[in-house]
Amino acid sequence: MNEAPFKGPFGKYASWLETIVATIVEWVAACLVLACIGILFSGVVGRYVLNSPLVWSDELASILFLWLAMIGSVIALKRGEHMRMTAWISKLSDQKKMYFESTGLLACLLYLAIILRPAYHFAIDELIVTTPSLEISNLWRAAALPSGVILMMFFCLFRLARIATLKMMLLSIASLSVVFAIFYICSPAFLGLGKYNLLIFFVGVAGFSIFAGVPIAFAFGLGTVAYLGLSTHMPISVVIGRMDEAMSHMVLLAVPLFVFLGLLMEMTGMARAMIAFLASLLGHVRGGLSYVLVGAMYLVSGISGSKAADMAAIAPALFPEMKKTTPPGELVALLAATGAQTETIPPSLVLITIGSVTGVSIAALFTGGMLPALILAFILCILVWWRNRHVQIAQVARPKPAEVFKLCLVAFPALALPFVIRAAVVEGVATATEVSTIGIVYGVICGVLIYRQFDIKRIVPMLIDTASLSGAILLIIGAATGMAWGLTQSGFSQVVAQIMTDLNGGPHTFLFISIIVFVILGSVLEGIPAIVLFGPLLFPVARQLGINEVHYSMVVILSMGIGLFAPPLGVGYYAACAIGKVNPDEGVKPIIGYLVALVIGTLIVAFVPWISTGFLS
């Protein structure tokens, strides 16, 4: 990315300082990714091969993971790779664009300045906590939060110096100061507004920030700290605790590891071999690789326990070839839609969470989840056919069977990877988090011994790219978790549950309202927090109305999946854009059709209970 040079007499020294710090940060990030891979794979070898478990491996990986998330966020900020909506500001004049760019960076700087002190105190409080396995101070882990905040502030200032003139900076500072002063003066009034503050801060502040071009994670964060600081008596430090909890969750460690696995497949030639074979089968069909994307997401979904990790395992292999014939916005829209479609496929963490908080049989949920996802996949394929029905492919010759067979043999090691990964989880060789390291080792072996493509010089840049992309995704998840906590503390969940309990329209009305409510909840809470909050409240109501609990679970999960991947608030949509390296603006229009298809599929599942319960004993 070409960056504007620093201006003024100290520009040379500023550029030198930025380069030194950025280089150090990038090398640290590369080492962190490599260390996480090595530690988790060592845990698999120690437990399964040597029958001598490394009891400290998960704990050390968790510590390094929080550092990786924060350092990756720093690199993403330095590179300008945090997800943001620019549909509106991109239409403005250059001068107005500069104003919104500088104001957006100052808004990021304001958020970071607000949370710096709580992050520091959070880390200091962890000094007296000792980790159970390594028996070291938890400060080693918690220090990642203030360290990452300070480094992001550092690069915020440097990016601001590159893109804005002094006059524009002063204008942006004045604008933010006026807005801040107005909200601060009105804070006594906010205290008496109760739940109306949710509209002001989570819709108003966060929503306006998103459309003004502020990166999504920082927009969510600004809405949350403004809500807590101006309309409640709760300390802002609770946001840091929620961020820490979300960004160091071991399941999410699969995200950077699957991102790296995708880059590794591209570098070793595995992706090209796989695409060549699939193209030989479906290349003569309109939208052929789009069908492959839908099927591939169905195949790998649930392996990692994270939708972002599932997408990261598939998109890098398919997107380079698909972008030759399909607009990037269409690709990322389909990727997001398939992420929502596969929410019910076991071993889904959401299914496990529903079983644990509601008492529904997890085995029954696993059995009931396969067919609903297949129904939605079929509907998405119908839409793919409709959108590609006029694509001209007359020049694509159908390959001979012998050529297809040859390409199949070449691609077999690559095609076997998803099955190797799933088998490792099902057979208990590795956990959902560790299994990505088996895929990485498998990819290295295939690249070196079978495909003979392994450029050692590309490893470090790949590790840095992995950290940057993962940091951008994880910071959004951390900020969204803080926002979800603010929503729950407001009593929002109890109000929604009471309204739904008071409905008098019977089971069909209850299911229909549940779809609407959980689509909205999915866009702001994500699956697991929403289930923990609303599951114990609403499942007894469904039971009283005679709705099968497995059936209701499928309706709830699919509805939340739609919300999770629906812009402008759906975190999953921005994760899909980040993984596909596509500007979120490009996918907004194409995804509308896919969301409509998903809603139709969810309604079919809701009003045809056999789809969820037909295979239950």
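These numbers come from a predicted model, not from an experiment.
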Can a donor-acceptor pair be found, under 3.5 Å and without considering hydrogens, that links the side chain of Trp67 to the backbone of Ala143?
no

On a heavy-atom basis, which atom in Leu469 and which in Ala578 lie closest, and how many Å separate them?
CD1-O, 3.0 Å

I want to check something: taking the side chain as every heavy atom from C-beta on, are Cys108 and Pro215 in contact at a cut-off of under 4.5 Å?
yes

Is the shortest side-chain heavy-atom distance between Met70 and Ser147 below 4.5 Å?
no

Compare all side-chain heavy atoms of Met462 with those of Val33 and state whether any distance is below 4.5 angstrom.
no

Sequence neighbours excluded, which residues qualify as ring pair (Phe, Tyr, Trp, His ring centres under 6.0 Å) partners of Phe122?
none

Okay, side chain of Ser231, backbone of Phe190: is any donor-acceptor separation there less than 3.5 Å?
no

Tell me, do Phe65 and Leu474 make a side-chain contact under 4.5 Å, heavy atoms counted?
yes

Kindly compute the distance separating CG (Asp125) from CG (Asn138), expressed to the nearest 0.5 Å.
11.0 Å

Working to the nearest 0.5 Å, report the span between CG of Leu157 and CE of Met153.
7.0 Å

Minimum heavy-atom distance between Ala340 and Leu558, given as atom pair plus value
O-CD2, 4.4 Å

For residues 168-179, pull every pair meeting side chain to side chain donor-acceptor pair (under 3.5 Å), keeping only residues two or more places apart or in separate chains.
Tyr99-Ser175, Ser102-Ser172, Thr103-Ser172

Counting only N and O atoms by type, is there a donor-acceptor contact under 3.5 Å from the side chain of Ser237 to the main-chain atoms of Pro118?
no

Glu18 vs Phe155, test: side-chain contact (heavy atoms from CB on, under 4.5 Å). Steps then yes/no.
CA-CA 8 Å; Glu18 184 191 35; Phe155 285 111; 3.9 Å; yes

Salt bridge (Lys or Arg N to Asp or Glu O under 4.0 Å) pairs, two or more places apart, involving residues 461-487
Arg79-Asp465

Point-to-point distance, once rounded to the nearest 0.5 Å, from CD1 of Ile71 to CG of Leu64
11.5 Å

Please check if atom CD1 in Ile20 has more than 12 non-hydrogen atoms from other residues, nucleotides or ligands closer than 6.0 Å.
yes

Please determine whether the number of non-hydrogen atoms from other residues, nucleotides or ligands lying under 6.0 Å from atom NZ of Lys97 exceeds 12.
yes

For Ile464 against Ala30, the heavy-atom pair lying closest together
CG1-CB, 4.1 Å

Test item: Ile114 and Ile236 side chains (from C-beta on) under 4.5 Å apart, heavy atoms
yes

Under the side chain to side chain donor-acceptor pair (under 3.5 Å) test, which residues partner Tyr594, sequence neighbours left out?
Glu330

Taking atom CZ of Arg117 as the centre, report whether more than 12 heavy atoms of other residues, nucleotides or ligands fall under 6.0 Å from it.
no

side-chain contact (heavy atoms from CB on, under 4.5 Å) between Ile150 and Leu116, worked out
CA-CA 7 Å; Ile150 290 171; Leu116 176 57; 3.7 Å; yes

Are the side chains of Met98 and Asp94 in touch, meaning some heavy atoms are under 4.5 Å apart?
no

Measure the SG-CG distance between Cys36 and Leu60 for me, rounded to the nearest 0.5 Å.
8.0 Å

What's the verdict on side-chain contact (heavy atoms from CB on, under 4.5 Å) for Glu126 and Leu145, showing C-alpha distance, side-chain angles and the deciding distance?
CA-CA 12 Å; Glu126 294 293 305; Leu145 291 165; over 6 Å; no

From CD1 (Ile216) to CZ (Phe220), nearest 0.5 Å:
6.0 Å

Phe202, CZ atom: more than 12 neighbouring heavy atoms under 6.0 Å
yes

Ala161 and Met169 have their tightest heavy-atom pair at CA-CE, 4.2 Å

Could you tell me if the side chain of Ile136 sits less than 4.5 Å from the side chain of Ile63, heavy atoms only?
yes

Are Phe218 and Leu110 close enough, and set up right, to give a side-chain contact (heavy atoms from CB on, under 4.5 Å), and what steps lead you there?
CA-CA 10 Å; Phe218 296 92; Leu110 174 63; over 6 Å; no

Closest non-hydrogen atom pair between Pro328 and Glu586, with its separation
CB-OE1, 3.8 Å

At what distance, to the nearest 0.5 angstrom, does CG of Leu598 lie from OG1 of Thr338?
9.0 Å

Minimum side-chain heavy-atom gap Val214-Phe208 below 4.5 Å:
no

Excluding sequence neighbours, so at least two apart, what forms side-chain contact (heavy atoms from CB on, under 4.5 Å) with Phe154?
Leu17, Val21, Phe158

Under 3.5 Å, is there a donor-acceptor pair between the side chain of Ser470 and the main chain of Ala467?
no

Taking all atoms of both residues into account, what is the closest heavy-atom pair of Ile476 and Tyr574, and its distance?
CD1-CB, 3.9 Å

Partners of Val179 by side-chain contact (heavy atoms from CB on, under 4.5 Å), sequence neighbours excluded?
Phe183

